[in-house]
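Accompanying notes for the structure given below.
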Amino acid sequence: MTAPTGPFVPGGAILLALAILGFGAFFWRAWRLYRYMRLGRDEARIDHPWRRLRDELVVYLGQRKLLKRPYYVRGIAHAFIFWGFLIITIGTIDLLIDGIVGFHVPGIGSALFAWTIDIFAVLVLASIAVAAARRAYFPPPRMHVARDGYVILGLIGLLMVTLLVFEGAGKSAGLLEKGYTAPPIAGALLGSIFSHDAAGIVFPVAWWTHVVTVLAFAAYLPQSKHLHIVTTLPNVFFRKQTPRGQLSLIEDIENQETFGAASLRDLSWKQLLDGYTCTECGRCSDNCPALATGKPLDPQRIVLDVRDQLLRDGPKLLAEAKGEIPSPAHFTETKPEELWACTTCAACVEACPVTIEHIDKIVDMRRYLALMEGAAPPEAQRAMTNIERAGNPWGEPRETRGDWAKELGVPTYTEKPDAEWLYFVGCAASVDRRNQKVARALVQVLRAAGVSFAILGTEETCNGDPARRIGNEYLWQVQAQQNIETFKKYGVRKVIASCPHCFNTIANEYPQLGGSYEVVHALQLVDRLIAEGKLKVGRGMAEAVAYHDPCYLGRHNGVYDAPRAVLDAVPGVQRVEIEPYHRERGFCCGAGGGRMWMEEKVGQRVNHRRIDQLLATNSGATKVASGCPFCLIMLEEGVGAKGVQEQIRPVDVLELVAGRLES
Amino acid sequence: MKILIPLKQVPDSTVRVSVAADGKSIKTEGVTWSISPYDEYAIEMALERKDADASTVVAVVTVGPARSRDALRQALAMGCDEASLVVAEETAAPLAVARALAKVVEEAKPDLVLCGKQASDDDQGFIGPALAEVLGWAHVATITKIVPADGAAELWREVEGGHEVWKAKLPALATVHKSEKEPRYPSLPGIMKAKKKEIPERAFASLNVDSSAPALEIVAMEPPPARGAGKILKDGDAKQTAQQLATLLRDEAKVL
Amino acid sequence: MKILVVAERRDGGLRRVSLELAAKAKALGEATILEIAGDRYSPLPFVSALAKKVEAEKPDLVMLGATLNGRDLGARLAARLGRAYAADVTALAVSGNTLEVGRPMYAGKVRAKVRVQMPAVITVRPGAIPLAESAASPDVVKLEADTSAEKLEFVKFAPVASSGKRVSLAEARVIVSGGRGLKGPENWHLVEDLADALGGAVGASRAVTDAGWRPNEEQVGQTGKTVTPDLYVALGISGAIQHLAGMTSSKVIVAVNKDPDADIFKVADYGVVADVFEFVPAFTEAVRKARSS
């Protein structure tokens, strides 16, 4: 390729002037955006640098989070546009540098690059056609189909067309630089269209149009949602590298004056960057169980409200000296009912192609409501009072906590101080009669495998998860510290939890307060015991069993395979999936995020939707198995409400195993 | 308006109360203590007044053992403005406690005194009416709502089929059955402020009240009959079973 | 021994608890049955008239029903006279000059035996004293309320709009709740009829209020009301933790469910494994008979 002019002849000067205008506009706007972003509070995001680099390769360059079920077609189209854009950007940079200073990017004249750029130009054009057609004729329900999108598609299309045209015309006019591989596709397709003379005119027109489009694009980019092309790079780099199931710790909580997020300044810079990065694709909303069942929550709206507010109030906030004037930017657009509707199931986080962290924002805003205003819904307040006073959210007497285990003779740590494992029973299995059966099943299984374990009995108290997710960080810390003290007293190192919420918070969050243990979910341990041959499961009645993924086991902790492996190891059990809502796309039961103890009056109940999905598979399953006490309670309620309790029984996988143990 | 709430610290309602070895008191080891539920309603009712009119001052006081300080802190955390403690033996005679509270009321000069309708330890429901009696004030029992009315207050009393609305000139006393909303959950800044707040304390004796009063002597305590395995009636003719159950409820359970 | 009983009237007749007290008082000694006449109960006019009467007649024991008004009047009377006071008595025995009463404490979690110095004032829980079928209606002495002592002004009576004549859940001594087993709102008369027969309030499980069969205020459970009646009857309720958390402190629990494995039976004092549609009408009839006899 070549520019039609040499270095610092008038054409070069014009090019330089245009480049200064285009990039100047870009950087001027980018600098404003950066300063708005810095209105957010500080947050360190530089731990695990290697993992961050790996994520850039996989998520940014590799487009990994786009290529997911059920989004394969649009994901591939996007990937081609993205990769094509990157490659053409290399060509464009070369074009500008050569045009201004007469210097080429090394390797730009190679056959490899010539082929690559042409192939991608064509693929991009095809993908743009797919994308435009999708917007125009099959708009996805949750996507914001704005004019912005067409503008960007048009600009990219124009870039590709002008590229191919100036390449083709340049070839036929013989204006391409010597020693460079001729454009293979553009040359073949367009090289013969133009006459030599016409090509001599078309080439500079197409070339300049291309260059001006590039620079116009640069100027337009930071005004549009397509800024994500740029912001995804830092957004992926600075994504949370701590476990997904770990919420941020409020350090030295007793000496803080404000808690949670009431204004833009209370969000971290990364949370504001999330707003710039949102592509308005709507995948988060698409997968949100609250939105799907008619609740007022729309996770995409929360991200976009933050962004819109930042863009609107940013200048005003920058004009004020930090801290002198209370921030006027309260979350007027984010109403409390939306925040309380979230089950923290992480479907949105899982679905987001650009690693936006929705839950953390929602919980930060809940923290403000719960800690500053004491404004959690009354039923949630009752659950918290119960945790505080009785050590469990149901308010059952603290003294009854170990009662279920007495008739089984399960030892407490006082009785068996040398136990290898602590079985952390959790509130549900301690006080809910249905889940006590699951605890008994686990005891049977552990005994059959000869595992040395003990429980804490009345010394165990709620792990604090519901409180933390309701936004009451303080109560979580109190509960967690109490358990950590007890663990320390008995020298606990290894913990089994049959509840994914206990599992998640002890494994991922207790380390924030200095309590680090080897923590397994019961089904992980059972999987291991079966694999090691320590547990023999015998034949039982043949039956089809659907597996329901608990969010805090699956999406939050990536434990998808162990429960399935356990099911598969039970002879007679034929495992079926709740298509298509399983594994990463598993649909919440509705109980997470403290929702178990809140009213659900708006729309359909999430657990009822889950039963609908289950029935819609027509899989012939007679049981639906899970690994979570909350899911079990919700599924039980769901089959009752749907009147299908005779047809399909909710169980815990542990119960299936315990029922078929070989003595 | 100034509202004073005499409160009592009792075992939390989630506690499984059990009888101590002496056979006439309860085990207090490991017990979670809270503000008595009806007192919490009284506090909530007062704070709802404060929400409506920010000039309202809500004060709490308790006559009880030193541990009651935690209950006062809990009330401060909920949003009460002042708290004071009169340290007394738990065995102080109820009428003497009422006299002591009357002294506190005379000093504090509240417009309204709100008491829970009964403390959920002795469940006597004596202190409210007794305090009004010692003060020589009018009182309205078991209210669920207050509507202020120029130097007076309309007090809504829940009775069968509706509410009696009584107008009381201030100062007056009411016992509270329930507030409109559930007692509020304290904010964290509220909890922290309450932790640092000074709670003035004095000895019961320093109030110089007449402590001669008839006392009740608990001679024995026992848990209610254990809820053992329930009786299950099945496989019978509906009529017979119904008759059997009705008889059991009348003669055995004595609830008909 | 001299005993003064303060009787209460309802719908023209003496309340059952007043009859119970009168019978007990006669059994214990020289009894006077007194009724205070006034437009409606108000503490000061009532206590003023009653205190004068007590000071004049010096009974060893004043007994009132542990009703809403009885408990209020009894407490203030005891304070005015400086007498010993025991509320909500469920059993009483006199030997010599000592009165020993049984009464619940700690929200019914403990039964206490309490020695009360006489002269004393006590309120006695309705139904605590067995009443012979043949008990004759006692002679009642009328006493005018002392209206000159009144400091309050009665403004109005505001009837509860929705729930009609039934008592509210929070107040109720008896609650009959229905669950999903009732199959639909059109069958709610089964619950209501039984509640009326028992003189209780109507409740519902969360499944029922969620389904919109019944208003939200009637929900008993974790996210609804926590109740502690003397008798709780659960009809067609399976007993999910969310419901149990709101009612297990009830004194006597009756459960009717056709599923013998339902968790509600684990907390029930009396469980009936039966179809609610067959059993409940028969039971309502049996209750009516038992209560009228």
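Just so we're clear, the structure is a prediction, and the values are computed from it rather than from any experiment. Throughout, a chain's letter reflects where its sequence line sits, starting with A, and its residues are numbered from 1.
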From the list C:Ala120, C:Ala158, C:Gly199, the residue making the most non-hydrogen contacts under 4.5 Å with chain B is C:Ala158

Tell me, side chain or backbone of C:Arg40 under 4.5 Å from chain B's heavy atoms, or both, or neither?
side chain

Would you mind checking which part of C:Arg10 comes under 4.5 Å of any heavy atom in chain B, side chain (CB onward), backbone (N, CA, C, O), both or neither?
side chain

I'd like to know which of C:Val273, C:Leu231, C:Asp230 tops the heavy-atom pair count under 4.5 Å against chain B.
C:Val273

B:Gln124 side chain vs C:Ala87 backbone, donor-acceptor pair below 3.5 Å:
yes

Side chains of B:Glu154 and C:Val155, heavy atoms from C-beta outward: is any pair under 4.5 Å?
yes

Which donor-acceptor pairs under 3.5 Å do the side chains of residues 235-246 of chain B make with protein atoms, sequence neighbours left out?
unit_1, atom_1, unit_2, atom_2, d
B:Asp237, OD2, B:Lys239, N, 3.3
B:Asp237, OD2, B:Gln240, N, 3.1
B:Thr241, OG1, B:Asp237, O, 2.8

Quick check: does any side chain N or O of C:Lys151 sit under 3.5 Å from a backbone N or O of B:Gly136, one acting as donor and the other as acceptor?
yes

Contact part of C:Asp72 toward chain B, heavy-atom cut-off under 4.5 Å: side chain, backbone, both or neither?
both

Between C:Gly108, C:Ala75, C:Gly271, which shows the greatest number of heavy-atom pairs under 4.5 Å with chain B?
C:Gly271

With rounding to the nearest 0.5 angstrom, report the CG to OH distance, B:Asp122 to C:Tyr106.
8.0 Å

Worked check of side-chain contact (heavy atoms from CB on, under 4.5 Å) between B:Lys117 and C:Arg71:
CA-CA 10 Å; B:Lys117 73 167 184 181; C:Arg71 290 194 61 169; over 6 Å; no

Check each atom of C:Val254 against the heavy atoms of chain B and say whether the ones under 4.5 Å are side chain, backbone, both or neither.
side chain

For the student: nearest non-hydrogen atoms of C:Val252 and B:Val255, plus distance:
CG2-CG1, 3.8 Å

Just verifying a value: how many Å separate C:Asp269 CG and B:Lys231 NZ, rounded to the nearest 0.5 Å?
10.0 Å

Quick one: pull up CZ in C:Arg291 and CZ in B:Arg250 and give me the separation to the nearest 0.5 Å.
11.5 Å

Against chain B, work out which of C:Lys156, C:Gln117, C:Glu150 has the most heavy-atom pairs shorter than 4.5 Å and name it.
C:Lys156

So ring pair (Phe, Tyr, Trp, His ring centres under 6.0 Å) across residues 119-160 of chain B, not counting sequence neighbours, yields B:Phe126-C:Tyr85, B:Trp156-B:His163

Examine whether an atom of B:Ile127 lies under 4.5 Å from a heavy atom of chain C, and if so say whether it belongs to the side chain, the backbone or both; otherwise answer neither.
neither

Taking C-beta and beyond as the side chain, do B:Asp123 and C:Asp88 meet within less than 4.5 Å on heavy atoms?
no

Region of C:Asp275 that comes under 4.5 Å of a non-hydrogen atom in chain B
neither

Between C:Leu198 and chain B, which part of the residue has a heavy atom less than 4.5 Å away: side chain, backbone, both or neither?
side chain

Can you tell me if C:Lys109 uses its side chain to pair, donor with acceptor, with the backbone of B:Ser13 under 3.5 Å?
yes

Answer whether the closest heavy-atom distance between the side chains of B:Val17 and C:Met105 falls below 4.5 Å.
no

Within-4.5 Å side-chain heavy-atom neighbours: C:Phe283 and B:Leu249
yes

Minimum heavy-atom distance between B:Leu95 and C:Gly82, given as atom pair plus value:
CD2-CA, 4.0 Å

Nearest heavy-atom contact between C:Ala84 and B:Leu216 is CB-CD2, 4.4 Å

From C:Leu81 atom CG to B:Glu133 atom CD, the distance as rounded to the nearest 0.5 Å:
8.5 Å

Pairing donors with acceptors under 3.5 angstrom, does anything connect the side chains of B:Glu164 and C:Tyr41?
no

